[in-house]
2 protein chains.
Amino acid sequence: MDMKEIAMLLKDHGIKPSHHRMKIYEYLVTHRNHPNVDMVYQELIQEIPTLSKTTLYNTLNLFLNKGLVQLITIAENEMHYDADVSMHGHFMCKECKKIYDIWFEDNDIVLPDLKDFAVDESHIYFRGTCLACLNKQLQD
Amino acid sequence: MDMKEIAMLLKDHGIKPSHHRMKIYEYLVTHRNHPNVDMVYQELIQEIPTLSKTTLYNTLNLFLNKGLVQLITIAENEMHYDADVSMHGHFMCKECKKIYDIWFEDNDIVLPDLKDFAVDESHIYFRGTCLACLNKQLQD
DNA sequence: AACAAATTTGTAATGATTACAATTAATTTA
DNA sequence: TAAATTAATTGTAATCATTACAAATTTGTT
Ligand SMILES: [Mn+2]
Ligand SMILES: [Mn+2]
Ligand SMILES: [Zn+2]
Ligand SMILES: [Zn+2]
């Protein structure tokens with residue numbers, strides 16, 4: 001996804017595509033690693049040495065409000081962000097803290113439609129241990 | 001659920017049933033309101049004026065480790081606790097911040113079993129607006 | 001009672017996020 | 001194009017949930 005496309009996408013969501021905003025979105029869409037704020041910051045600060053963390057927080061909240069990214073609250077003390085807003089689940093490994101995508105077959109999961117609630121977001125989270133960390137544990 | 005039963009339940013989970021611990025669990029099991037730490041504290045401090053917030057945090061973490069309660073990470077800046085550890089979903093209203101239980105019919109939801117992951121917990125979260133808040137909004 | 005172990009407390013530290021005012025950049029108007 | 005206005009970005013301080021840690025208290029055991 002090149003800068004032209006990113007600019008278009010931001011505009012389509014009512015976001016003026018400043019340089020900072022485009023770089024922040026580019027990070028999310030190319031890495032697809034469900035980063036927390038600091039992971040984005042440590043990477044972008046090398047390209048944009050003046051980048052402020054406040055700008056990062058402001059921009060991510062702007063993206064959230066415009067529906068461009070989704071918020072992942074699977075971790076206990078920090079937020080994670082996902083540029084993929086399609087319906088899929090997430091697994092967080094308690095050992096390595098990595099967050100994996102969980103994709104469902106179309107009929108695998110049918111969420112009930114809730115009367116008495118106007119639902120904006122649906123999230124499916126799992127926690128446990130990933131295969132890499134399970135194997136590491138076997139070596140003890 | 002009386003104190004005798006609570007003491008038994010804690011013992012069954014390998015937790016020595018001190019007075020504080022029993023009162024904390026009693027709060028959770030009688031209110032069933034998915035409280036954050038401060039909600040528990042503000043209620044119990046009236047009965048136990050010496051109660052320390054550290055004790056509360058320690059006790060809740062002990063309950064979590066022993067599988068007596070479950071952690072709900074649906075909110076963005078604080079944790080919520082649930083004495084009901086059976087499989088059910090949660091809905092948080094963005095307006096009033098209340099957390100509702102969402103119960104599924106047996107076959108309503110079938111979570112796929114993930115190979116490559118040892119799953120300890122599964123959570124289903126919804127966010128949106130509850131009926132009470134929707135009605136309030138209509139009055140404008 | 002004397003000792004040891006477990007529990008509870010109070011205070012300070014940590015760390016993610018937000019508040020806010022100042023600065024800089026971009027856009028509009030004259 | 002220069003001045004004026006608006007928007008974006010920055011830096012610092014504040015907020016607040018949670019944890020760290022050592023002291024004090026309670027409980028259980030010899
Ligand atoms: Mn994802
Ligand atoms: Mn519940
Ligand atoms: Zn892992
Ligand atoms: Zn509500």
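In this text the structure is predicted, and so the values were computed from the model without any measurement. Because only heavy atoms are used, hydrogens play no part in the values below, and waters and symmetry mates are left out as well, while side chains stay in. Residue numbers begin at 1 in each chain, while the letters A, B, ... track the order of the sequences.
Atom CE of B:M39 and atom P of D:dA17 are 13 Å apart (whole Å). Rounding to whole angstrom units, CG of residue B:L64 and P of D:dT18 are separated by 11 Å. With rounding to whole Å, B:L62 atom CG is found 16 Å from D:dT19 atom C1'. If you take CD of B:E76 and P of D:dT18, they are 14 Å apart, rounded to a whole angstrom. Between A:M79 atom CE and D:dT18 atom P the separation is 13 Å, expressed in whole Å.
Closest approach of A:L51 to A:I45, counting heavy atoms only: O-CD1, 3.7 Å. B:Y125 and B:L71 make their closest contact through OH-O, 3.8 Å (heavy atoms, listed as atom of the first residue, atom of the second, distance). In plain terms, the two heavy atoms of B:A83 and B:L28 that are nearest each other are CB-CB, 3.9 Å. Residues B:A7 and B:M22 approach most closely at CB-SD, 3.7 Å, considering heavy atoms.
Just one residue in the list B:H90, B:K98, B:Q70, B:H80 forms a side-chain hydrogen bond (donor to acceptor under 3.5 Å, both in side chains) with B:H34, and that residue is B:H90.
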Exercise. Test ring pair (Phe, Tyr, Trp, His ring centres under 6.0 Å) on A:Y100 and B:F117 and set out the steps.
Key: CA-CA 10 Å; A:Y100 296 85; B:F117 299 100; 5.1 Å; yes
Detail all sub-3.5 Å separations between protein N/O atoms and N/O atoms belonging to nucleotides 8-11 of chain D.
| residue | atom | partner | partner atom | Å |
| --- | --- | --- | --- | --- |
| D:dA8 | OP1 | A:R21 | NH1 | 3.0 |
| D:dT9 | OP1 | A:S18 | OG | 2.7 |
| D:dT10 | OP1 | A:T50 | O | 2.8 |
| D:dT10 | OP1 | A:T50 | OG1 | 3.0 |
| D:dT10 | OP2 | A:S52 | N | 3.1 |
| D:dT10 | OP2 | A:T55 | OG1 | 2.8 |
| D:dT10 | O5' | A:T50 | O | 3.3 |
| D:dG11 | O6 | A:T54 | OG1 | 3.1 |

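For the pair A:T129 (side chain) and B:A118 (backbone), a donor-acceptor distance under 3.5 Å is absent. In this structure, the side chain of A:R21 does not engage the main chain of A:F63 through any donor-acceptor pair within 3.5 Å.
Remark: B:Y57 is in phosphate contact with D:dT18, judged by side-chain N or O atoms under 4.0 Å from OP1 or OP2.
Within 4.0 Å (heavy atoms only), B:N61 reaches sugar-phosphate atoms of the nucleic acid but no base atom.
Taking the 5' to 3' direction, DNA chain C first and last meets chain A under 4.0 angstrom from a heavy atom at C:dA16 to C:dC20.
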